[in-house]
*Asks:* 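If you scroll down you'll find the structure; I have some questions about it.
Sequence lines set the chain letters: A, B, ... in the order given, protein chains first and strands last, and positions in each chain run from 1.
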Amino acid sequence: MLQVNVLRNNPQWAKEKLAVKHFKQPELVDTIIALDDERKKTQAAFDSIQSKINSASKEIGNLMKQGKKEEAESLKNDVAAYKLQVTDFNDSLLNIEKQLHDTLVQLPNLPADIVPVGKTPEENVVVKEGGVKPNLSANAKPHWDLIKEYDLVDFELGSKITGSGFPLYKGKGARLQRAMIEYFLNFNTAAGYTEYIPPFMVNEASAYGTGQLPDKEGQMYHVTEDGFYLIPTAEVPVTNIYRDTILKEDELPIKMTAYSPCFRREAGSFGKDVRGLNRVHQFEKIEIIQIVEPQKSYDVLEEMVAHVEALLNTLQLPYRVLRLCGGDMGFASALTYDFEVYSAAQQRWLEVSSVSNFEGFQTNRLKCRYKSNEGKTQLTHSLNGSSLALPRIYAALLENNQTENGINIPKALQPYFGAEKI
RNA sequence: GGUGAGGUGGAUGAGUGGCUGAAAUCAACGGUUUGCUAAACCGUCGUACGUCCUUAAAGAUGUACCGAGGGUUCGAAUCCCUCCCUCACCGCCA
């Protein structure tokens with residue numbers, strides 16, 4: 001959620017930024033400012049009458065003590081009249097605040113200056129490529145075939161137990177999964193991130209805090225009986241640790257990493273993209289999250305990008321880094337870098353990480369602030385990224401490292417996997 | 001799931017209708033003292049939204065907030081209702 005003051009200070013600029021995100025209703029900026037003016041006026045009116053009520057009530061108390069009953073009674077009548085007015089103002093104040101809020105949450109975050117203009121994924125800008133694409137033989141197999149051949153993941157049984165998109169990992173397939181989880185977590189904690197294992201379901205307030213509600217409600221599994229949502233990413237529970245918090249400057253930066261399964265309904269997606277592990281309803285991911293001082297957030301973003309890149313390098317996978325264009329960015333993000341690995345048999349780039357700076361968009365909603373050493377309280381900035389999402393790494397590892405006599409495990413994973421090849 | 005006790009500022013904890021946005025203690029911060037540390041002493045020490053003043057900061061002032069929401073009352077942290085959470089015991093159970 002944007003801060004009203006940001007819009008107020010420069011409405012024209014805000015509209016231009018919204019256009020980069022292909023936001024259809026720039027006029028909402030004006031609506032918000034008007035509503036905010038109205039809010040201030042109404043609050044002033046409310047406050048002044050409430051103030052009269054408060055002082056009259058005090059006076060009544062004094063009069064009663066002195067035994068001046070009649071005067072007290074007449075004051076009570078005054079208060080009754082004020083109360084009618086104050087109720088009106090209060091109702092309209094609540095109404096205006098709700099309108100203001102409902103409008104404000106419709107606005108996406110404003111993109112940073114370097115965000116490329118563009119609408120579709122094709123217009124994202126490749127800022128870096130790394131690693132070496134393998135030379136596979138002509139009969140190289142996509143991961144869904146390899147998975148069958150080596151008996152690593154059973155999709156049919158997953159469907160039997162739950163439904164499609166809930167893979168069942170098995171034997172060495174399960175071991176590889178566990179190896180990656182442990183390796184990634186170690187890599188992250190070695191860089192100073194504190195490890196968390198969060199709850200895998202969250203309440204409504206948390207889903208709201210990180211912005212999944214209200215707009216992405218349909219993407220989450222909802223446990224209606226208890227009002228909980230299965231988390232689509234560890235970002236949700238972990239970032240909410242700092243909901244309604246005022247940190248001290250010395251406590252920053254907060255660096256957290258968390259493993260969690262992620263549950264996504266992926267309503268409406270189908271086709272070749274969903275084959276094998278490319279897109280599933282339950283997958284494993286290790287997330288990194290930072291909460292930092294505003295003036296440092298873009299440096300931290302670079303740091304996080306470098307961190308993910310370093311991790312990918314140790315896996316010896318060919319990758320590229322994209323700066324997302326305005327039209328492809330997430331709602332809450334000011335700047336996003338996507339990491340894609342090249343899955344050599346499918347001959348496709350697969351997204352395995354998305355690292356974003358949300359600036360104050362998320363923390364404004366979460367009310368996560370910090371008090372500077374000078375004593376000023378202001379919003380923190382939040383950032384997060386995957387480090388890393390497993391299924392597509394899994395797919396790329398299998399495809400890229402396949403040989404006539406087995407699948408090679410990258411050196412970095414071998415101690416965790418317990419063998420050099422499958 | 002049942003029964004009981006609770007939820008007050010960073011922490012502990014007082015407060016059963018007006019003098020309480022909230023005692024006291026601790027922590028924290030600033031200062032005095034000190035060779036350094038400690039102790040002692042003095043001071044500061046909630047958040048949000050307004051208004052005034054100001055270039056701004058600071059300051060002054062109003063309103064709201066004592067788990068959440070509603071109610072009673074001229075007036076609610078305090079009384080009533082609903083919900084949430086925590087703790088203890090019982091039941092069930094990995």
Side-chain angles (χ1 to χ4, degrees), chain A residues 1-10 32-104 197-209 213 223-229 237 240-252 254 261 291 360 363-380:
Chain A
M1 185 164 67
L2 290 166
Q3 298 177 84
V4 176
N5 276 343
V6 170
L7 303 176
R8 195 181 267 290
N9 290 343
N10 204 337
I32 286 164
I33 293 170
L35 280 168
D36 195 47
D37 287 337
E38 191 63 23
R39 194 198 99 244
K40 288 184 186 183
K41 255 173 51 194
T42 311
Q43 164 132 32
F46 171 86
D47 283 357
S48 80
I49 296 175
Q50 185 62 47
S51 173
K52 286 182 192 169
I53 293 177
N54 290 345
S55 52
S57 295
K58 244 175 217 168
E59 188 57 26
I60 290 170
N62 289 333
L63 292 170
M64 300 284 258
K65 250 180 231 164
Q66 296 164 27
K68 297 179 181 169
K69 259 202 144 175
E70 280 135 57
E71 289 176 48
E73 284 306 320
S74 110
L75 259 184
K76 280 192 194 179
N77 288 336
D78 290 356
V79 171
Y82 290 141
K83 281 198 88 169
L84 290 177
Q85 299 179 49
V86 95
T87 309
D88 278 354
F89 280 122
N90 191 37
D91 288 349
S92 53
L93 186 59
L94 290 176
N95 182 31
I96 291 163
E97 280 173 349
K98 184 175 177 336
Q99 278 183 56
L100 177 59
H101 177 265
D102 290 351
T103 313
L104 208 45
I197 300 177
F200 299 152
M201 289 193 241
V202 293
N203 58 29
E204 211 170 280
S206 294
Y208 175 81
L213 293 180
V223 183
T224 51
E225 182 81 20
D226 300 285
F228 298 150
Y229 293 87
N240 269 283
I241 293 170
Y242 290 98
R243 169 153 49 92
D244 290 322
T245 300
I246 300 178
L247 294 152
K248 292 185 193 127
E249 184 172 336
D250 301 340
E251 293 177 90
L252 299 175
I254 304 279
I291 296 172
T363 49
N364 187 33
R365 231 195 241 210
L366 285 164
K367 295 210 216 78
C368 176
R369 291 153 293 173
Y370 80 103
K371 193 172 237 172
S372 69
N373 291 333
E374 293 80 52
K376 207 175 147 199
T377 301
Q378 55 186 315
L379 276 186
T380 57

*Asks:* Return the value, rounded to whole Å, for the distance between atom CD1 of A:I60 and atom C1' of B:U73.
*Replies:*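 About 10 Å, once rounded to whole Å.
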
*Asks:* Give a yes or no on this: more than 12 heavy atoms of other residues, nucleotides or ligands lie within 6.0 Å of atom CD of A:E204.
*Replies:*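 At most 12 heavy atoms, drawn from other residues, nucleotides or ligands, come within 6.0 Å of this atom.
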
*Asks:* Could you tell me how far apart A:E71 (CD) and B:C74 (C1') are, to the nearest whole angstrom?
*Replies:*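 Rounding to the nearest Å, CD of A:E71 and C1' of B:C74 are 15 Å apart.
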
*Asks:* Just how far, in rounded Å, is C1' of B:C19 from CD of A:E59?
*Replies:*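 About 14 Å, once rounded to whole Å.
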
*Asks:* Look at atom CG of A:L94 and say whether more than 12 heavy atoms of other residues, nucleotides or ligands are closer to it than 6.0 Å.
*Replies:*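 Buried by this count: over 12 neighbours within 6.0 Å.
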
*Asks:* Taking for each residue the nucleotide of RNA chain B bearing the nearest heavy atom, is the 5' side occupied by A:L94 or by A:A80?
*Replies:*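 This one resolves to A:L94.
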
*Asks:* Going from CE on A:M1 to CG on A:L366, what distance comes out if it is rounded to the nearest 0.5 angstrom?
*Replies:*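 If I round to the nearest 0.5 Å, the distance is 9.5 Å.
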
*Asks:* For the residue pair A:I53 and A:V86, establish whether any side-chain heavy-atom pair is separated by less than 4.5 Å.
*Replies:*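 Yes - at least one pair of side-chain heavy atoms lies under 4.5 Å apart.
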
*Asks:* If you measure from the P atom in B:G43 to the same atom in B:A24, how many Å do you get, rounded?
*Replies:*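 After rounding to an integer number of Å, I get 12 Å for this pair.
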
*Asks:* How many whole angstroms separate atom CG of A:D244 from atom C1' of B:C85?
*Replies:*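 Roughly 15 Å, once rounded to whole Å.
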
*Asks:* Assign a letter to each nucleotide of nucleotides 47-69 of chain B from its 5' end: B, base within under 4.0 Å of a protein heavy atom; S, sugar-phosphate only; -, no contact.
*Replies:* SSBSS----------BSS-----

*Asks:* Which value, in whole Å, describes the distance between the P atoms of nucleotides B:C45 and B:U54?
*Replies:*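 Looking at atom P only, B:C45 and B:U54 are 26 Å apart.
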
*Asks:* Provide the distance between the two C1' atoms, one in B:A77 and one in B:G67, to the nearest whole Å.
*Replies:*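 These two C1' atoms come out 12 Å apart once rounded.
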
*Asks:* Specify the separation, in whole Å, of atom CD1 of A:I53 and atom P of B:U73.
*Replies:*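 Result: 14 Å.
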
*Asks:* Take atom P in B:U47 and the same atom in B:A58, then report the distance between them in whole Å.
*Replies:*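 The same atom, P, in both gives a distance of 12 Å.
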
*Asks:* Which one is paired to B:A76, where only Watson-Crick or G-U wobble pairs with both distances under 3.5 angstrom count?
*Replies:*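 Per the H-bond distance test, none.
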
*Asks:* Can you tell me how far P of B:G75 sits from CE of A:M64, to the nearest Å?
*Replies:*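 Between P of B:G75 and CE of A:M64: 12 Å.
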
*Asks:* Is it the case that atom CD in A:E70 sees more than 12 heavy atoms from other parts of the structure closer than 6.0 Å?
*Replies:*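 12 or below, so no.
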
*Asks:* Expressed in whole Å, how much space separates the C1' atoms belonging to B:U78 and B:G15?
*Replies:*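 B:U78 and B:G15 have their C1' atoms separated by 8 Å.
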
*Asks:* Does any nucleotide pair with B:U33 by Watson-Crick or G-U wobble geometry, both distances under 3.5 Å, and what is it?
*Replies:*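 For B:U33, the partner nucleotide comes out as none, under the 3.5 Å rule.
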
*Asks:* Counting only side-chain N and O atoms of A:K83, is one of them less than 4.0 Å from OP1 or OP2 of B:U73?
*Replies:*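 Indeed not, no polar side-chain atom of A:K83 lies that close.
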
*Asks:* Could you let me know what B:C85 is paired to, Watson-Crick or G-U wobble, both distances under 3.5 Å, or none if it's on its own?
*Replies:*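 Across any shown strand, B:C85 pairs with B:G6.
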
*Asks:* Measure across A:C368 and A:Y242 and return the closest heavy-atom pair with its distance rounded to 0.1 Å.
*Replies:*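 Heavy-atom minimum between the residues: CB-O, 3.3 Å.
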
*Asks:* Between A:E71 and A:L75, is there a side-chain heavy-atom distance shorter than 4.5 Å?
*Replies:*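 Result no, sub-4.5 Å side-chain heavy-atom pair not found.
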
*Asks:* With C1' as the reference atom in both, quote the distance from B:A60 to B:C84 in angstrom, rounded to an integer.
*Replies:*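 Comparing C1' positions in B:A60 and B:C84 gives a spacing of 40 Å.
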
*Asks:* Measuring only the C1' atom in each nucleotide, how far is B:G18 from B:C79? A whole number of Å is fine.
*Replies:*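 One C1' to the other, the span is 15 Å.
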
*Asks:* Thinking salt bridges, do A:D102 and A:K98 make one under a 4.0 Å N-O criterion?
*Replies:*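 Salt bridge: yes.
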
*Asks:* Should B:C52 form a Watson-Crick or G-U wobble pair with both distances under 3.5 Å, which nucleotide is its partner?
*Replies:*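 Answer to the pairing question: B:G59, which forms a Watson-Crick or G-U pair with B:C52.
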
*Asks:* How many Å lie between NZ on A:K76 and P on B:U72, as a whole number?
*Replies:*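 Distance, rounded to whole Å: 15 Å.
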
*Asks:* Please name the residue in the list A:K248, A:E249, A:Q378 that meets the side-chain hydrogen bond (donor to acceptor under 3.5 Å, both in side chains) test with A:Y370.
*Replies:*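 With A:Y370 as partner, side-chain hydrogen bond (donor to acceptor under 3.5 Å, both in side chains) holds for just one option, A:Q378.
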
*Asks:* Sort out the partner of B:U47 for me: Watson-Crick or G-U wobble, both distances under 3.5 Å, none otherwise.
*Replies:*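 Base partner found: B:A64.
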
*Asks:* Could you tell me how far apart A:D226 (CG) and B:C83 (P) are, to the nearest whole angstrom?
*Replies:*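 Computing the A:D226:CG to B:C83:P distance gives 16 Å.
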
*Asks:* In the strands shown, is B:A38 matched to any nucleotide by a Watson-Crick or G-U wobble pair with both distances under 3.5 Å, and which?
*Replies:*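 None - no nucleotide pairs with B:A38, as no candidate has both distances under 3.5 Å.
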
*Asks:* Using purine N1 to pyrimidine N3 plus N6-O4 or O6-N4 for Watson-Crick, or N1-O2 and O6-N3 for G-U wobble, both under 3.5 Å, which nucleotide pairs with B:A22?
*Replies:*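 Partner of B:A22: none found under 3.5 Å.
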
*Asks:* Taking only the C1' atom of each, what is the distance from B:C26 to B:G9 in whole angstrom?
*Replies:*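 It comes out at 13 Å once rounded to the nearest Å.
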
*Asks:* Counting Watson-Crick and G-U wobble pairs only, both distances under 3.5 Å, name the nucleotide matched with B:G1, or none.
*Replies:*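 Across any shown strand, B:G1 pairs with B:C90.
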
